[in-house]
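Below is one structure, written out as structure tokens; the observations come after it.
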Amino acid sequence: MSEAELTAEIDYHERARAHMAEMLRTTADTYDRHEAEFNEGNRGGGGGDVGPDKELAFAMARYTTGRMKDLTDRDIALFFGRIWFDSGEQYHIGRRHIRDETAAPLVLDWRAPVAEHYYRASAHDRREVAKRRRFGFRGAEITGFEDEDLRLGEEVSSDILTAEIERPRTGPMRDIVATIQPEQDELIRRGAATTMCVQGAPGTGKTAVGLHRAAWLLYNYAEHLHKAGVLVVGPNEGFLAYIANVLPTLGESAVWQVTVQQMLKADTATAADRHEAAMVKHDARMALVCERAVWGHVGRAEDAGLSADEGLLINDGGWRWRLGVRYLNEAIDTARANTRTYDAGRRAVEDAIVQGARRQAEIRAGHSPDGRWATKLKRTEAVKGFLDAVWPKLNAKNVLRKLYFDAAFRADATGGILTDEEAGLIAPQGRALKTTAADILIADEIASHLKLPPPSDSYGHIVIDEAQDLSPMQCRAIARRSGGGSLTVLGDLAQGTTPWAAVDWRGQMAHLGKSEVEFTELTTGFRVPGVIIELANRVLPHLGVDVAPARSIRSDGSLEYIAASDLRRGVGEAVEKALAEEGLVGVIAADHRVDEMRDALGENERVEPVAASLAKGLEYDHVVVVEPSEIVAAPATDGAAVEGVGLRHLYVALTRAVSRLTIVHTRQLPPQMNS
């Protein structure tokens, strides 16, 4: 690296920054102009073309608002790489597209097709790339670079790449655009129609792959996905807070990031289920119960008190129309067989009644009645009474209450699906319905049988992280919101910590409504050092899942055991030692001990006590795992012991460190850590 070249790159970076500022000013001027047009449209009297102009102005002002956010200068380098092609073409690669005064690209967005060569080219497959340059940076300052001449045919390790991967954690998750590996890039750039399932061992970057894939899709399929929307579903609010800044940093802020509970508004639940009841309510069989609970309301013509001799008599002014029982039952059967939702079926039967009466009117009266006649006929007492008897109006709340409180109805809905004991578990204790999160989930399932969801509830693409922890019923709720869109499903079966955690991906993808799926397994760890991965791999065979052990590219990192006589003092000493190094310190303990650790450690912005059940997806430079045997033995939040879940919580805790791991214990370590 020559000083002259470094100076030239720094100057180029400043030039790019100046042009980005000019792009921001131009966008701001556009916003001001369209805002003025919108305000003028509001003041206008509605004559001429004021209306359309006002709508266009509003749309443009809204677009430029997002564009201004994207162009706002942040404390981050505008480019991180550069490539030269055999043809002589060369490009700087960065987080967003920046053009000069002639509209030529000064910096190419990392999501552009040409940028694929930067990530994928190697000494053995150059892809017409002659040379690749990686930049070192500190905040927004270019500090150095290193070059790789691919024409030499030799793989060269990158100190800058290694340093960036191992850079200490100083806050929430950051983007990885400067360090995307070829196998990650291949997954990120899969087409919009592709549904992927990525099994990823700890530290393999599966979460980053999912978020960067969302950003890549929004860039390359902007017209469709900005309209259809992209949804990111995470395991808990702490995880969402951790990843919240990644997509905005990549220029995408219009992505809804939620937990399953938030998506369903189940975070408003006023009660909690006992473990046994929750297991039944989250079971895939409940979908069949819900279906039967809805469609079981459909009756026969005889249920309306009709006889084969008389049928249904409809008074229409001076006329009377008669529809036979056979005709009506055929209409019910046809509606049941050919409609997707209960409400649509009721309308189909109603329409069949009108059609039957219309045919009689055409024959007897000699003319075809119009739409107003049809509407009037539907409002007659005979038609309404018949429909209410054979296809009554329903809503999800009432069906749920009937399922829970009407023993005979519940027996009909669950018979042959649930055991009598299981059916009894879903009935609330007492007469009051204090809604649990699972109840809201079941109500959502019931509602799906009643009517189609509004288009606003569907998304063009959904990214699901920690998907192994979803129950079958939660999977179905997400599937209903994917419409015909694709999914990016991320997770690690070994980190499944809910009582209903998946044990294989094919079954989980079936619950998510997808049969055409590309399955991928990531086993190369970039973030977790080898010494820590080796410890976690000792626990892996005891978790009851068929996944490959991880391997790490990192030979650094440290692992320390502290056998303490006093747990609080031992943890305090471990944290004090950890704070002597850079980065964040996570103190992971059994859920019941977290408050004690928080009190003992006091306030420190670099130290975060975390419950073992909530540690999934998080990363810290230094992790202190407190009393592993307590984590293994800890029951679920409702007091029920779930076999194997505690050991998986420990596996998660052991793999949260990206540099150093300290294990503090007063009791004997779990035997699985030594095998």
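One is the number of the first residue; the rest follow in order along the sequence.
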Rounded distance [0.5 Å steps], [atom1] in [X] versus [atom2] in [Y]:
X    : Y    : atom1 : atom2 : result
L250 : L218 : CG    : CG    : 10.5 Å
M673 : H665 : CE    : NE2   : 8.0 Å
E627 : L567 : CD    : CG    : 5.5 Å
K281 : I442 : NZ    : CD1   : 5.5 Å
T520 : L522 : OG1   : CG    : 7.0 Å
Y118 : W110 : OH    : CH2   : 13.0 Å

Apply the test side chain to side chain contact (heavy atoms under 4.5 Å, CB included) to residues L543 and Y651: give CA-CA distance (whole Å), side-chain angles for both, the deciding distance (0.1 Å), then the verdict. CA-CA 9 Å; L543 302 182; Y651 179 78; 3.7 Å; yes
Compute whether any side-chain donor of one residue and acceptor of the other, for [X] and [Y], lie under 3.5 angstrom apart.
X    : Y    : value
D439 : T436 : yes
S613 : H649 : no
Q184 : E186 : no

Please answer whether the main-chain N or O of [Y] pairs with a side-chain N or O of [X] as donor and acceptor at a distance below 3.5 Å.
X    : Y    : result
H226 : A222 : no
E148 : R134 : no
T662 : V624 : no
D267 : Q262 : no
Y119 : V177 : yes
R606 : L579 : yes
H212 : I176 : yes
R285 : I417 : yes

With sequence neighbours left out, which residue pairs that include part of residues 503-525 fulfil the salt bridge (Lys or Arg N to Asp or Glu O under 4.0 Å) condition? R190-E518
Pairs in or reaching into residues 655-671: which pass salt bridge (Lys or Arg N to Asp or Glu O under 4.0 Å), with residues at least two apart or in two chains? E630-R667
Pairwise side-chain contact, [X] with [Y], heavy-atom cut-off 4.5 Å (strictly under):
X    : Y    : value
I76  : D175 : yes
L540 : N537 : yes
I243 : V232 : yes
M286 : L418 : yes

Evaluate the side chain to side chain contact (heavy atoms under 4.5 Å, CB included) criterion for residues Q199 and C197: first the C-alpha distance (whole Å), next the side-chain angles of each, then the deciding distance (0.1 Å), finally the verdict. CA-CA 7 Å; Q199 157 65 36; C197 177; 5.9 Å; no
When K616 is tested against each of D492, V610, V652 for side-chain contact (heavy atoms from CB on, under 4.5 Å), which residue passes? V652
Heavy-atom closest pair, residues V503 and L493: O-CD1, 3.6 Å
Which pair of heavy atoms, one from L441 and one from S471, lies closest together, and at what distance? CD2-OG, 4.3 Å
Pair S486, T194 - check side chain to side chain contact (heavy atoms under 4.5 Å, CB included), show working. CA-CA 6 Å; S486 55; T194 301; 6.0 Å; no
Only counting residues at least two apart or in another chain, list the ones meeting side chain to side chain donor-acceptor pair (under 3.5 Å) with R480. D444, E445
Decide if atom CG of D599 counts as having more than 12 heavy atoms of other residues, nucleotides or ligands within a radius under 6.0 Å. yes
In terms of the angle between their ring planes, are Y221 and W216 parallel, tilted or perpendicular, with boundaries placed at 30° and 60°? perpendicular
Output, in order, the C-alpha distance, side-chain angles, deciding distance and verdict of side chain to side chain contact (heavy atoms under 4.5 Å, CB included) for V625 and L650. CA-CA 9 Å; V625 174; L650 177 61; 4.3 Å; yes
